[in-house]
Amino acid sequence: MSAGLYALGRRAIASHSPLASSIALRIIEREGNAIDAAVAVSLLLNALEPGWSGLGGGGFALVYSEDAGFRALDYRETAPLRVRPEEYRGEDDLSLGYRAVATPGTLSGLWTLHQELGEMRWSRIIEAVMEYMRRCQVSRLWNTCMKANLDKSLDKLRICPESRATFLRDGGIYPEGSEITFPRLLEILRNVRDDVNYFYEGEFADELDKVFSSNNGFLSSVDLSRYNPVWRRPIICELDLGGRELRLAAMPPPGSGVLVVEALKILTRMRLDAKSYYPRLARLLLHIIDERCSLICDPSFNNVNIEKLLSDDHVEQALRLIEEGRITYHPVRDSGGTSQVSIADAKSRTYVSLTETIECFMGSGVTVHGVLLNDEMHDFTPQGGHPNSISPSKRPASSMSPLMILDEEGAPLIIIGASGGMRIISSMIQVLSNHLLRGVDPLSSILEGRIHVRSDKVVLEDLIDDVASGTLSSAGLKLGKVREVSMHPGTDIYFGAVQAIFRNDDLFLAISDPRKQPGAAAR
Ligand code: GLU
């Protein structure tokens, strides 16, 4: 099994970059806490794994510390003030080029987290990050996804001259292991080390304004100057899971944490025998993804009725529909973006689950001053009249669901999150159900084969055996191409990759999903 899959210690980190995890671990050991380490990983990923998240995107942070309790920070991107929703007609308008870009929130989010909960000096974190960013080596993961032209990455990078210069070598792909430098990104870091306003109100904002107005984009420096992250009330719920009264904290909308909690509630009331497990699970996932697509949205624009979704009535009704096979489904697509970082630090007693994205792999394909920008407009529902329709300043619905579980004594038991579009939700439900309800040990709960849903079909990882897939087809479920998804790098790149920390007595076990690039580190 690959290195970086798991690690045990008093401080533990799981991310999809082994290098970022080990650098962040050193940061906590020297002088920081879990928040400082999370900031470092997030910044490092800009250069070490540039396809999934970065300063050009946004994210959610779920944090727990004994002093502050649970806190949830939403630094999701917002639609530009000048946006004209009627001009988004097809997939490409939403996902490619200048008009696909929503206001980036990552830097403002990291700064806010750090100001309120960090310990190490901001400038020291940035300097430590810059030291490793001066010269980077192209990872196997990034190279594999570029070679596969994941989410049309090559095509979109070729449209923007700065993207071509930054992420391509002579118009082609950087080979695995080759050296790559990010001088303009380093310049940004040097400036925001001293003043984050450089990004939101200073020279970066001015440059972005010029680039966007000369390319007919909607985003402007006004969007950047008005951007603010939002502290939201986390969803807190007590649940009897496998005979234990556990306390769950999840990311509220526009994230999808409520749906992961709802699914666990439904699962606690379901019979989970071997013959019916997969058909029931598949129908549950169809139901949950349908709710993801029809209900989740920015709560400042439309109410998402969390109490109702988690109510006994709603759970019983969903259970009946699942048992009777009367499930509706929603057309969905796979997407290859997002980074998950999970961190536990027993010394400072801070715990973080951070999920960040630039939406599709390589975002919109537009780069400004070394910053690869998101295509988060793609997460809106283009039709008008939907809770998730496009509106100025609105945040698009997200599948991202950082989550934490406390034990009966109130001590952190699991810190978890995932990347991979809608597979974030289905992966987390299965890992948590495996471990908490089916009694599977932490590592096997992540390694076990998973199923996902795509529109009305169930797609299976190749670890799901023929007996299990037989139970799905005999239950009348439509199967997608079997053996489509695999743990072997390069055969499937939509991942659904979980990064989790499980408490193990006084230590923490970091486990990083081998479906992506395992980067667990602990000491
Ligand atoms: N932007 C997506 C979301 O917020 C995630 C993208 C992905 O993981 O592919 O749900």
Side-chain angles (χ1 to χ4, degrees), residues 15-16 45 49-54 56-62 72-79 91 94-96 100-106 109 141 145 148 150-153 156 250-260 288-289 291-298 304 330 332-341 353-365 372-382 388 390 394-403 417-428 452 454 485 492-499 513 515-517:
S15 81
H16 69 244
L45 291 178
E49 297 299 343
W52 293 271
S53 59
F60 299 141
L62 185 71
L73 187 67
D74 169 355
Y75 49 100
R76 182 98 169 132
E77 301 91 324
T78 54
E91 185 80 8
L94 293 158
S95 65
L96 205 141
V101 185
T103 320
T106 295
L141 176 67
C145 294
L150 175 59
D151 293 342
K152 301 189 196 156
S153 41
K156 56 192 178 189
M251 191 70 205
S256 289
V258 62
L259 300 179
V260 178
I288 291 290
I289 298 299
E291 289 191 336
R292 155 72 179 85
C293 299
S294 48
L295 302 178
I296 301 297
C297 62
D298 182 339
V304 182
H330 207 283
V332 290
R333 54 182 165 76
D334 281 318
S335 80
T338 309
S339 303
Q340 169 65 34
V341 188
S353 173
L354 198 81
T355 321
E356 296 186 333
T357 190
I358 47 172
E359 168 52 1
C360 294
F361 177 66
M362 299 311 285
S364 60
L372 176 62
L373 294 162
N374 69 82
D375 60 332
E376 219 61 57
M377 294 305 291
H378 195 221
D379 272 342
F380 280 112
T381 308
N388 188 39
I390 302 171
K394 189 172 176 179
R395 289 157 147 85
S398 171
S399 301
M400 299 190 293
S401 308
L403 188 137
S419 58
M422 304 272 171
R423 291 187 191 186
I424 291 174
I425 302 171
S426 41
S427 298
M428 285 178 63
H452 300 285
R454 191 192 297 138
V485 184
D492 178 80
I493 37 187
Y494 289 113
F495 309 115
V498 174
Q499 311 294 342
D513 209 319
R515 290 165 180 80
K516 204 165 184 179
Q517 179 175 260

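Read the numbers this way: they start at 1 and go in the same order the structure lists the ligands and their atoms.
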Ligand 1 N/O to protein N/O, distances under 3.5 Å:
unit_1: ligand 1; atom_1: 1 (N); unit_2: Glu359; atom_2: OE1; d: 2.5
unit_1: ligand 1; atom_1: 1 (N); unit_2: Glu376; atom_2: OE2; d: 2.8
unit_1: ligand 1; atom_1: 1 (N); unit_2: Asp379; atom_2: OD2; d: 2.6
unit_1: ligand 1; atom_1: 4 (O); unit_2: Arg76; atom_2: NH1; d: 3.0
unit_1: ligand 1; atom_1: 4 (O); unit_2: Arg76; atom_2: NH2; d: 3.2
unit_1: ligand 1; atom_1: 4 (O); unit_2: Asp379; atom_2: OD2; d: 3.3
unit_1: ligand 1; atom_1: 4 (O); unit_2: Ser398; atom_2: OG; d: 2.7
unit_1: ligand 1; atom_1: 8 (O); unit_2: Gly337; atom_2: O; d: 3.0
unit_1: ligand 1; atom_1: 8 (O); unit_2: Thr338; atom_2: OG1; d: 2.5
unit_1: ligand 1; atom_1: 8 (O); unit_2: Gly420; atom_2: N; d: 3.4
unit_1: ligand 1; atom_1: 8 (O); unit_2: Gly421; atom_2: N; d: 2.5
unit_1: ligand 1; atom_1: 9 (O); unit_2: Ser335; atom_2: O; d: 3.2
unit_1: ligand 1; atom_1: 9 (O); unit_2: Ser335; atom_2: OG; d: 2.4
unit_1: ligand 1; atom_1: 9 (O); unit_2: Gly337; atom_2: N; d: 2.7
unit_1: ligand 1; atom_1: 9 (O); unit_2: Gly421; atom_2: N; d: 3.3
unit_1: ligand 1; atom_1: 10 (O); unit_2: Ser398; atom_2: OG; d: 3.3
unit_1: ligand 1; atom_1: 10 (O); unit_2: Ser399; atom_2: N; d: 2.7

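Side-chain contact check for Pro396 versus Arg76: some heavy-atom pair is nearer than 4.5 Å. Using a 4.5 Å heavy-atom threshold, the side chains of Ser401 and Met428 count as touching.
Partners of Ser419 according to the side-chain contact (heavy atoms from CB on, under 4.5 Å) rule, which considers only residues two or more places apart in sequence or in another chain, are Thr338, Ala497, Lys516. Applying the side-chain contact (heavy atoms from CB on, under 4.5 Å) test to Thr78 and every residue at least two apart in sequence or in another chain returns Thr103, Tyr227, Arg395. Here Glu77 pairs with nothing under the salt bridge (Lys or Arg N to Asp or Glu O under 4.0 Å) rule; sequence neighbours left out.
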Determine, stepwise, if the pair Ser427 / His452 fulfils side chain to side chain contact (heavy atoms under 4.5 Å, CB included).
-> CA-CA 8 Å; Ser427 298; His452 300 285; 3.3 Å; yes
